[in-house]
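Have a look at this one.
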Amino acid sequence: MPSYPRPIQSRLPDVGTTIFTVMSALAQQHGAINLSQGFPDFDAPADLLALLNEATKAGHNQYAPMTGAPVLREAIAAKVQALYGAAYDVANEITVTAGATQAIFTAVAAMVHPGDEVIVFTPVYDSYGPSIELQGGKVVYADLSLPDYRPDWARVKALITPRTRMIIINSPHNPTGTVWTADDMAALEALVKDTDIVIVSDEVYEHMVFDQARHESVLRYPGLAERSFVVSSFGKTYHITGWKIAYCLAPRELMAEFRKAHQFIVFTVHAPSQYALAEFMKRPGWYEQLKALYQGKRDIFRQALSSSRFELLPCQGTYFQCVKYSAISDEGDRAFVERLTREHGVAAIPVSAFYPNGDDHGVIRFCFAKSAATLESALARLVRL
Ligand code: PMP
Ligand code: GLN
(Lines give C-alpha, C1' and ligand atoms only; values in the text may rest on other atoms or scores of the structure.)
(Ligands and ions follow the chains in the order given, each with its own letter.)
Protein backbone atom coordinates (compact mmCIF):
# COMPACT_ATOMS: atom_id res chain seq x y z
CA MET A 1 0.00 0.00 0.00
CA PRO A 2 1.34 3.48 -0.74
CA SER A 3 1.11 5.95 2.13
CA TYR A 4 -0.93 9.15 1.86
CA PRO A 5 1.55 11.85 0.87
CA ARG A 6 -0.14 15.01 2.21
CA PRO A 7 -0.62 16.39 5.74
CA ILE A 8 -4.07 15.58 7.17
CA GLN A 9 -6.00 18.22 9.06
CA SER A 10 -7.95 15.88 11.29
CA ARG A 11 -11.59 16.71 12.06
CA LEU A 12 -11.08 14.82 15.35
CA PRO A 13 -7.46 15.53 16.33
CA ASP A 14 -7.85 14.38 19.94
CA VAL A 15 -9.69 11.14 19.22
CA GLY A 16 -8.01 7.73 19.26
CA THR A 17 -9.53 4.25 19.24
CA THR A 18 -12.43 3.91 21.71
CA ILE A 19 -11.61 2.48 25.11
CA PHE A 20 -14.20 -0.28 24.55
CA THR A 21 -12.31 -1.57 21.52
CA VAL A 22 -8.94 -1.19 23.27
CA MET A 23 -9.96 -3.08 26.41
CA SER A 24 -11.86 -5.86 24.62
CA ALA A 25 -8.78 -6.44 22.44
CA LEU A 26 -6.51 -6.51 25.51
CA ALA A 27 -8.87 -8.97 27.22
CA GLN A 28 -8.75 -11.23 24.20
CA GLN A 29 -4.98 -10.96 23.90
CA HIS A 30 -4.50 -12.08 27.50
CA GLY A 31 -7.41 -14.55 27.64
CA ALA A 32 -8.95 -12.42 30.41
CA ILE A 33 -12.59 -12.43 31.48
CA ASN A 34 -14.02 -9.42 29.69
CA LEU A 35 -16.00 -7.21 32.07
CA SER A 36 -14.97 -4.11 30.10
CA GLN A 37 -17.07 -3.40 26.98
CA GLY A 38 -20.78 -3.48 27.78
CA PHE A 39 -22.44 -6.50 26.16
CA PRO A 40 -23.97 -9.73 27.47
CA ASP A 41 -21.96 -12.95 27.15
CA PHE A 42 -25.22 -14.94 27.01
CA ASP A 43 -27.35 -15.28 23.92
CA ALA A 44 -30.52 -13.57 22.79
CA PRO A 45 -33.77 -15.51 23.34
CA ALA A 46 -34.01 -18.50 20.97
CA ASP A 47 -37.51 -17.39 19.84
CA LEU A 48 -36.12 -14.05 18.72
CA LEU A 49 -33.41 -15.77 16.70
CA ALA A 50 -36.07 -18.02 15.14
CA LEU A 51 -38.15 -14.96 14.26
CA LEU A 52 -35.14 -13.40 12.55
CA ASN A 53 -34.68 -16.54 10.50
CA GLU A 54 -38.39 -16.55 9.61
CA ALA A 55 -38.24 -12.90 8.59
CA THR A 56 -35.48 -13.64 6.09
CA LYS A 57 -37.42 -16.63 4.74
CA ALA A 58 -40.58 -14.52 4.48
CA GLY A 59 -38.74 -12.29 2.03
CA HIS A 60 -37.98 -9.25 4.21
CA ASN A 61 -34.62 -8.91 2.53
CA GLN A 62 -34.90 -5.66 0.59
CA TYR A 63 -34.83 -2.06 1.87
CA ALA A 64 -37.31 -1.40 4.63
CA PRO A 65 -39.03 2.00 4.51
CA MET A 66 -36.65 4.88 5.30
CA THR A 67 -38.32 5.58 8.66
CA GLY A 68 -38.53 1.90 9.71
CA ALA A 69 -40.89 -0.99 9.09
CA PRO A 70 -44.45 0.17 9.97
CA VAL A 71 -45.06 -2.92 12.15
CA LEU A 72 -42.03 -2.07 14.27
CA ARG A 73 -42.96 1.59 14.58
CA GLU A 74 -46.44 0.48 15.66
CA ALA A 75 -44.94 -1.81 18.30
CA ILE A 76 -42.74 1.05 19.58
CA ALA A 77 -45.74 3.40 19.76
CA ALA A 78 -47.69 0.78 21.72
CA LYS A 79 -44.76 0.28 24.10
CA VAL A 80 -44.27 3.95 24.99
CA GLN A 81 -48.02 4.42 25.37
CA ALA A 82 -48.23 1.45 27.76
CA LEU A 83 -45.10 2.30 29.78
CA TYR A 84 -45.11 6.09 29.87
CA GLY A 85 -48.59 7.16 28.70
CA ALA A 86 -46.90 8.89 25.73
CA ALA A 87 -48.77 9.17 22.42
CA TYR A 88 -46.35 9.16 19.46
CA ASP A 89 -47.58 9.19 15.90
CA VAL A 90 -46.41 6.11 13.98
CA ALA A 91 -46.10 7.95 10.67
CA ASN A 92 -44.34 11.12 11.75
CA GLU A 93 -42.73 10.81 15.16
CA ILE A 94 -40.86 7.49 15.31
CA THR A 95 -37.74 6.46 13.33
CA VAL A 96 -35.83 3.18 13.51
CA THR A 97 -32.05 3.65 13.58
CA ALA A 98 -28.83 1.63 13.31
CA GLY A 99 -28.22 1.64 17.04
CA ALA A 100 -28.52 4.43 19.58
CA THR A 101 -25.14 5.74 18.40
CA GLN A 102 -26.56 6.59 14.99
CA ALA A 103 -29.73 8.06 16.50
CA ILE A 104 -27.70 10.41 18.71
CA PHE A 105 -25.30 11.32 15.88
CA THR A 106 -28.25 12.03 13.58
CA ALA A 107 -30.09 14.21 16.11
CA VAL A 108 -26.92 16.24 16.60
CA ALA A 109 -26.26 16.46 12.84
CA ALA A 110 -29.83 17.60 12.26
CA MET A 111 -29.91 20.30 14.94
CA VAL A 112 -26.44 21.64 15.73
CA HIS A 113 -25.00 24.47 13.64
CA PRO A 114 -21.30 25.35 13.68
CA GLY A 115 -20.54 27.35 16.84
CA ASP A 116 -23.60 26.08 18.72
CA GLU A 117 -22.98 24.86 22.26
CA VAL A 118 -24.13 21.46 23.50
CA ILE A 119 -24.10 20.61 27.21
CA VAL A 120 -23.16 17.06 28.18
CA PHE A 121 -22.56 15.55 31.63
CA THR A 122 -19.20 14.13 32.67
CA PRO A 123 -18.34 11.32 32.95
CA VAL A 124 -19.76 11.29 29.42
CA TYR A 125 -20.47 8.43 27.01
CA ASP A 126 -17.72 8.56 24.45
CA SER A 127 -19.72 9.12 21.26
CA TYR A 128 -21.38 12.39 22.28
CA GLY A 129 -18.39 14.74 22.09
CA PRO A 130 -17.11 13.64 18.66
CA SER A 131 -20.68 13.69 17.25
CA ILE A 132 -20.95 17.34 18.32
CA GLU A 133 -17.46 18.31 17.15
CA LEU A 134 -18.00 16.79 13.70
CA GLN A 135 -20.83 19.31 13.24
CA GLY A 136 -18.62 22.20 14.34
CA GLY A 137 -20.45 22.41 17.67
CA LYS A 138 -18.78 23.24 20.97
CA VAL A 139 -19.01 20.69 23.77
CA VAL A 140 -19.74 22.19 27.20
CA TYR A 141 -19.19 19.90 30.18
CA ALA A 142 -21.38 19.80 33.29
CA ASP A 143 -19.82 17.69 35.99
CA LEU A 144 -21.54 14.86 37.84
CA SER A 145 -19.41 14.70 40.96
CA LEU A 146 -18.27 11.76 43.04
CA PRO A 147 -19.33 9.93 45.09
CA ASP A 148 -22.97 9.96 43.96
CA TYR A 149 -22.56 11.56 40.51
CA ARG A 150 -25.76 13.60 40.82
CA PRO A 151 -26.38 16.65 38.60
CA ASP A 152 -25.89 20.08 40.16
CA TRP A 153 -28.65 22.13 38.52
CA ALA A 154 -27.35 25.51 39.66
CA ARG A 155 -24.08 24.71 37.88
CA VAL A 156 -25.88 23.54 34.77
CA LYS A 157 -27.88 26.76 34.74
CA ALA A 158 -24.67 28.77 34.86
CA LEU A 159 -23.44 26.98 31.72
CA ILE A 160 -26.42 28.01 29.60
CA THR A 161 -25.72 30.84 27.14
CA PRO A 162 -27.61 32.23 24.12
CA ARG A 163 -25.58 29.75 22.02
CA THR A 164 -26.79 26.67 23.92
CA ARG A 165 -28.61 24.62 21.30
CA MET A 166 -28.86 21.22 22.95
CA ILE A 167 -28.46 19.27 26.19
CA ILE A 168 -27.70 15.55 26.01
CA ILE A 169 -28.83 13.57 29.04
CA ASN A 170 -28.44 9.89 29.90
CA SER A 171 -30.38 8.16 32.69
CA PRO A 172 -29.79 5.42 33.76
CA HIS A 173 -26.26 6.66 33.34
CA ASN A 174 -23.31 4.93 31.72
CA PRO A 175 -20.78 4.54 33.35
CA THR A 176 -21.92 5.48 36.87
CA GLY A 177 -25.26 3.62 37.18
CA THR A 178 -26.94 6.77 38.52
CA VAL A 179 -30.68 7.12 37.91
CA TRP A 180 -32.18 10.59 37.73
CA THR A 181 -35.16 11.40 39.93
CA ALA A 182 -38.46 13.17 39.29
CA ASP A 183 -36.86 16.24 40.94
CA ASP A 184 -34.02 16.15 38.42
CA MET A 185 -36.48 16.06 35.56
CA ALA A 186 -38.50 18.93 37.06
CA ALA A 187 -35.28 20.96 37.46
CA LEU A 188 -34.33 20.34 33.83
CA GLU A 189 -37.84 21.19 32.69
CA ALA A 190 -37.66 24.51 34.54
CA LEU A 191 -34.21 25.27 33.09
CA VAL A 192 -35.19 24.88 29.46
CA LYS A 193 -38.63 26.46 29.69
CA ASP A 194 -38.89 29.48 27.36
CA THR A 195 -35.60 28.62 25.61
CA ASP A 196 -34.86 27.12 22.17
CA ILE A 197 -32.81 24.34 23.73
CA VAL A 198 -33.55 20.84 22.46
CA ILE A 199 -32.80 17.71 24.45
CA VAL A 200 -31.41 14.38 23.39
CA SER A 201 -32.37 11.84 26.05
CA ASP A 202 -30.29 8.69 25.79
CA GLU A 203 -32.47 6.10 27.54
CA VAL A 204 -30.83 2.92 26.30
CA TYR A 205 -30.87 1.46 29.85
CA GLU A 206 -34.51 2.39 30.48
CA HIS A 207 -35.45 -1.15 31.58
CA MET A 208 -32.55 -1.55 34.00
CA VAL A 209 -33.65 0.52 36.99
CA PHE A 210 -33.42 -1.27 40.31
CA ASP A 211 -34.87 -1.31 43.84
CA GLN A 212 -38.43 -0.26 42.96
CA ALA A 213 -37.24 3.06 41.50
CA ARG A 214 -39.06 4.32 38.43
CA HIS A 215 -37.38 5.19 35.14
CA GLU A 216 -38.01 8.91 34.77
CA SER A 217 -38.28 8.96 31.02
CA VAL A 218 -38.44 12.34 29.36
CA LEU A 219 -41.63 10.92 27.85
CA ARG A 220 -43.38 11.41 31.22
CA TYR A 221 -42.70 15.17 31.19
CA PRO A 222 -44.62 17.11 28.53
CA GLY A 223 -42.43 20.21 28.97
CA LEU A 224 -39.40 18.06 28.12
CA ALA A 225 -40.96 15.70 25.57
CA GLU A 226 -42.07 18.65 23.41
CA ARG A 227 -38.39 19.50 22.78
CA SER A 228 -36.75 16.06 22.99
CA PHE A 229 -35.30 13.33 20.86
CA VAL A 230 -35.74 10.20 22.99
CA VAL A 231 -33.47 7.29 22.12
CA SER A 232 -33.62 3.65 23.18
CA SER A 233 -31.71 0.60 21.91
CA PHE A 234 -32.97 -2.92 21.24
CA GLY A 235 -29.36 -4.02 21.69
CA LYS A 236 -29.55 -3.57 25.47
CA THR A 237 -33.13 -4.71 25.88
CA TYR A 238 -32.98 -8.02 23.98
CA HIS A 239 -29.29 -9.03 24.40
CA ILE A 240 -28.56 -8.22 20.74
CA THR A 241 -25.94 -5.46 20.84
CA GLY A 242 -24.52 -6.86 17.58
CA TRP A 243 -27.74 -6.23 15.67
CA LYS A 244 -27.22 -2.46 16.04
CA ILE A 245 -30.86 -1.49 16.05
CA ALA A 246 -32.56 1.23 18.05
CA TYR A 247 -35.16 3.96 17.70
CA CYS A 248 -35.73 7.66 18.15
CA LEU A 249 -38.94 9.50 19.08
CA ALA A 250 -39.52 13.22 18.69
CA PRO A 251 -42.32 15.69 18.00
CA ARG A 252 -43.00 15.81 14.27
CA GLU A 253 -41.26 19.14 13.63
CA LEU A 254 -38.05 17.82 15.16
CA MET A 255 -38.47 14.39 13.58
CA ALA A 256 -38.83 15.95 10.13
CA GLU A 257 -35.37 17.51 10.56
CA PHE A 258 -33.98 14.25 11.98
CA ARG A 259 -35.21 12.31 8.95
CA LYS A 260 -33.60 14.76 6.53
CA ALA A 261 -30.23 13.74 7.99
CA HIS A 262 -31.13 10.08 8.68
CA GLN A 263 -31.91 9.38 5.02
CA PHE A 264 -28.38 10.34 4.01
CA ILE A 265 -26.55 8.82 6.98
CA VAL A 266 -28.00 5.29 6.69
CA PHE A 267 -31.28 5.74 4.78
CA THR A 268 -32.70 2.59 6.36
CA VAL A 269 -31.88 -0.19 8.79
CA HIS A 270 -31.44 -3.98 8.49
CA ALA A 271 -34.93 -5.14 7.49
CA PRO A 272 -35.28 -8.71 8.87
CA SER A 273 -34.35 -7.56 12.40
CA GLN A 274 -37.17 -5.05 12.31
CA TYR A 275 -39.83 -7.64 11.47
CA ALA A 276 -38.45 -10.07 14.05
CA LEU A 277 -38.45 -7.43 16.79
CA ALA A 278 -41.95 -6.21 15.92
CA GLU A 279 -43.24 -9.73 16.53
CA PHE A 280 -41.11 -10.36 19.64
CA MET A 281 -42.21 -7.11 21.28
CA LYS A 282 -45.74 -8.54 21.58
CA ARG A 283 -44.60 -10.99 24.29
CA PRO A 284 -45.77 -9.84 27.71
CA GLY A 285 -43.53 -9.52 30.76
CA TRP A 286 -40.16 -9.05 29.05
CA TYR A 287 -39.23 -5.73 30.68
CA GLU A 288 -39.98 -6.98 34.20
CA GLN A 289 -37.93 -10.14 33.55
CA LEU A 290 -35.04 -8.08 32.22
CA LYS A 291 -35.03 -5.84 35.28
CA ALA A 292 -35.14 -8.85 37.62
CA LEU A 293 -32.33 -10.54 35.69
CA TYR A 294 -29.99 -7.57 35.96
CA GLN A 295 -30.94 -6.67 39.51
CA GLY A 296 -30.06 -10.27 40.46
CA LYS A 297 -26.68 -9.99 38.73
CA ARG A 298 -26.00 -6.62 40.35
CA ASP A 299 -26.78 -8.07 43.78
CA ILE A 300 -24.47 -11.07 43.26
CA PHE A 301 -21.71 -8.80 42.02
CA ARG A 302 -22.01 -6.32 44.89
CA GLN A 303 -22.40 -9.01 47.51
CA ALA A 304 -19.18 -10.71 46.45
CA LEU A 305 -17.21 -7.46 46.09
CA SER A 306 -18.36 -6.18 49.47
CA SER A 307 -15.88 -8.61 51.05
CA SER A 308 -13.06 -7.46 48.74
CA ARG A 309 -10.76 -4.44 48.93
CA PHE A 310 -12.71 -2.68 46.15
CA GLU A 311 -14.94 0.17 47.32
CA LEU A 312 -18.37 -0.11 45.73
CA LEU A 313 -20.01 3.03 44.38
CA PRO A 314 -23.83 3.14 44.17
CA CYS A 315 -25.51 1.27 41.29
CA GLN A 316 -29.17 2.17 40.80
CA GLY A 317 -29.43 1.12 37.17
CA THR A 318 -27.62 -0.03 33.95
CA TYR A 319 -25.48 -3.17 33.82
CA PHE A 320 -22.38 -1.42 35.11
CA GLN A 321 -20.81 -1.32 38.56
CA CYS A 322 -18.18 1.33 39.34
CA VAL A 323 -15.61 0.80 42.07
CA LYS A 324 -12.66 2.59 43.65
CA TYR A 325 -9.50 0.61 44.11
CA SER A 326 -7.34 2.88 46.30
CA ALA A 327 -7.01 0.15 48.96
CA ILE A 328 -5.40 -2.09 46.34
CA SER A 329 -3.22 0.23 44.28
CA ASP A 330 -2.22 3.85 43.77
CA GLU A 331 -1.78 3.41 40.02
CA GLY A 332 -3.70 5.54 37.52
CA ASP A 333 -6.92 3.90 36.38
CA ARG A 334 -5.60 2.96 32.92
CA ALA A 335 -2.46 1.38 34.31
CA PHE A 336 -4.56 -0.43 36.91
CA VAL A 337 -7.06 -1.95 34.44
CA GLU A 338 -4.26 -2.97 32.10
CA ARG A 339 -2.50 -4.77 34.93
CA LEU A 340 -5.79 -6.25 36.15
CA THR A 341 -6.30 -7.67 32.66
CA ARG A 342 -2.74 -8.93 32.20
CA GLU A 343 -1.94 -10.24 35.65
CA HIS A 344 -5.31 -11.11 37.17
CA GLY A 345 -7.33 -12.02 34.07
CA VAL A 346 -10.23 -9.58 34.45
CA ALA A 347 -10.75 -6.62 32.09
CA ALA A 348 -12.55 -3.40 33.13
CA ILE A 349 -12.96 0.15 31.80
CA PRO A 350 -11.03 3.09 33.32
CA VAL A 351 -13.61 5.81 34.00
CA SER A 352 -11.04 8.50 33.05
CA ALA A 353 -11.92 7.55 29.44
CA PHE A 354 -15.28 9.28 30.01
CA TYR A 355 -13.68 12.67 30.76
CA PRO A 356 -12.48 15.08 28.07
CA ASN A 357 -9.11 15.62 29.74
CA GLY A 358 -8.82 12.08 31.06
CA ASP A 359 -9.53 13.16 34.67
CA ASP A 360 -8.60 10.23 36.84
CA HIS A 361 -10.58 9.76 40.07
CA GLY A 362 -9.33 6.22 40.62
CA VAL A 363 -12.62 4.67 39.48
CA ILE A 364 -13.10 1.70 37.16
CA ARG A 365 -16.24 0.19 35.61
CA PHE A 366 -17.19 -3.47 35.47
CA CYS A 367 -19.99 -4.82 33.22
CA PHE A 368 -22.06 -7.46 35.02
CA ALA A 369 -24.17 -8.48 31.98
CA LYS A 370 -22.54 -11.89 32.15
CA SER A 371 -23.59 -15.48 32.82
CA ALA A 372 -23.53 -16.77 36.40
CA ALA A 373 -20.45 -18.86 35.59
CA THR A 374 -18.54 -15.89 34.12
CA LEU A 375 -19.41 -13.72 37.11
CA GLU A 376 -18.38 -16.43 39.53
CA SER A 377 -14.95 -16.85 37.90
CA ALA A 378 -14.37 -13.11 37.67
CA LEU A 379 -15.44 -12.49 41.26
CA ALA A 380 -13.19 -15.27 42.53
CA ARG A 381 -10.26 -13.41 40.97
CA LEU A 382 -11.35 -9.95 42.14
CA VAL A 383 -11.87 -10.86 45.80
CA ARG A 384 -8.30 -12.17 46.01
CA LEU A 385 -6.80 -8.77 45.16
N1 PMP B 1 -25.56 5.29 24.75
C2 PMP B 1 -25.11 4.67 25.82
C3 PMP B 1 -25.17 5.35 27.14
C4 PMP B 1 -24.55 3.39 25.71
O5 PMP B 1 -24.07 2.78 26.77
C6 PMP B 1 -24.50 2.78 24.44
C7 PMP B 1 -23.89 1.42 24.20
N8 PMP B 1 -23.48 0.72 25.20
C9 PMP B 1 -25.01 3.47 23.35
C10 PMP B 1 -25.52 4.73 23.54
C11 PMP B 1 -24.96 2.89 21.98
O12 PMP B 1 -25.95 1.96 21.75
P13 PMP B 1 -26.03 1.17 20.37
O14 PMP B 1 -25.15 -0.02 20.50
O15 PMP B 1 -27.47 0.84 20.20
O16 PMP B 1 -25.52 2.10 19.31
N1 GLN C 1 -21.76 1.21 25.12
C2 GLN C 1 -20.93 0.09 25.42
C3 GLN C 1 -20.19 0.35 26.74
O4 GLN C 1 -20.37 1.35 27.35
C5 GLN C 1 -19.91 -0.15 24.36
C6 GLN C 1 -20.29 0.22 22.99
C7 GLN C 1 -19.06 0.30 22.14
O8 GLN C 1 -18.21 -0.56 22.20
N9 GLN C 1 -18.94 1.35 21.40
O10 GLN C 1 -19.44 -0.49 27.14
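Sequential numbering from 1 along the given sequence is applied to the chain's residues. Because the structure is predicted, anything quoted here is derived from the model rather than measured. What you see below is based on every heavy atom in this structure, not just the backbone, and it leaves out hydrogens, waters and symmetry mates.
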Item checked: Beyond-backbone contact of I169 with V218, side-chain heavy atoms, under 4.5 angstrom -> yes
Check: Can you check whether D184 reaches W153 side chain to side chain, under 4.5 Å on heavy atoms?
Finding: yes
Atom pairs and distances, side-chain donor-acceptor, residues 235-244, under 3.5 Å, sequence neighbours left out:
unit_1: T237; atom_1: OG1; unit_2: S233; atom_2: O; d: 3.3
unit_1: K244; atom_1: NZ; unit_2: T101; atom_2: OG1; d: 3.4

Next item on the list: Could you walk me through whether F210 and Y294 pass ring-ring contact (aromatic ring centres under 6.0 Å, His included), step by step?
Entry: CA-CA 8 Å; F210 310 135; Y294 281 123; 7.6 Å; no
Next item on the list: Working to the nearest 0.5 Å, report the span between OG1 of T67 and CZ of R259.
Entry: 4.5 Å
Next item on the list: Classify the angle between the aromatic ring planes of F366 and F310 as parallel (below 30°), tilted (30 to 60°) or perpendicular (above 60°).
Entry: perpendicular
Next item on the list: On the 0 to 90° scale, with breaks at 30° and 60°, tag the F301-F368 ring pair as parallel, tilted or perpendicular.
Entry: tilted
Item checked: Reported OH-to-CD1 distance for the pair Y247 and I94, which is rounded to 0.5 angstrom -> 8.5 Å
Next item on the list: Over all heavy atoms of both residues, which pair between T178 and D148 is shortest? Give the atoms and the distance, please.
Entry: OG1-O, 3.5 Å
Check: So do the side chains of L379 and I300 get within less than 4.5 Å of each other, counting heavy atoms only?
Finding: yes
Next item on the list: Mark yes when over 12 heavy atoms from residues, nucleotides or ligands other than Q81 sit less than 6.0 Å from its CD; otherwise mark no.
Entry: yes
Item checked: Q316 side, atom CD; T176 side, atom OG1 - distance, nearest 0.5 Å -> 8.0 Å
Checklist line | Full working for side-chain hydrogen bond (donor to acceptor under 3.5 Å, both in side chains) between H30 and E343 | finding: CA-CA 9 Å; H30 293 280; E343 294 179 11; over 6 Å; no
Item checked: L191 side chain reached by I160 side chain, heavy atoms, under 4.5 Å -> yes
Margin query: Under a 3.5 Å threshold, yes or no: a donor from one side chain and an acceptor from the other, between E206 and Y287?
Written below: no
Item checked: CA sep, side-chain torsions, deciding dist, call: F121, H173, ring-ring contact (aromatic ring centres under 6.0 Å, His included) -> CA-CA 10 Å; F121 292 83; H173 184 249; 8.2 Å; no
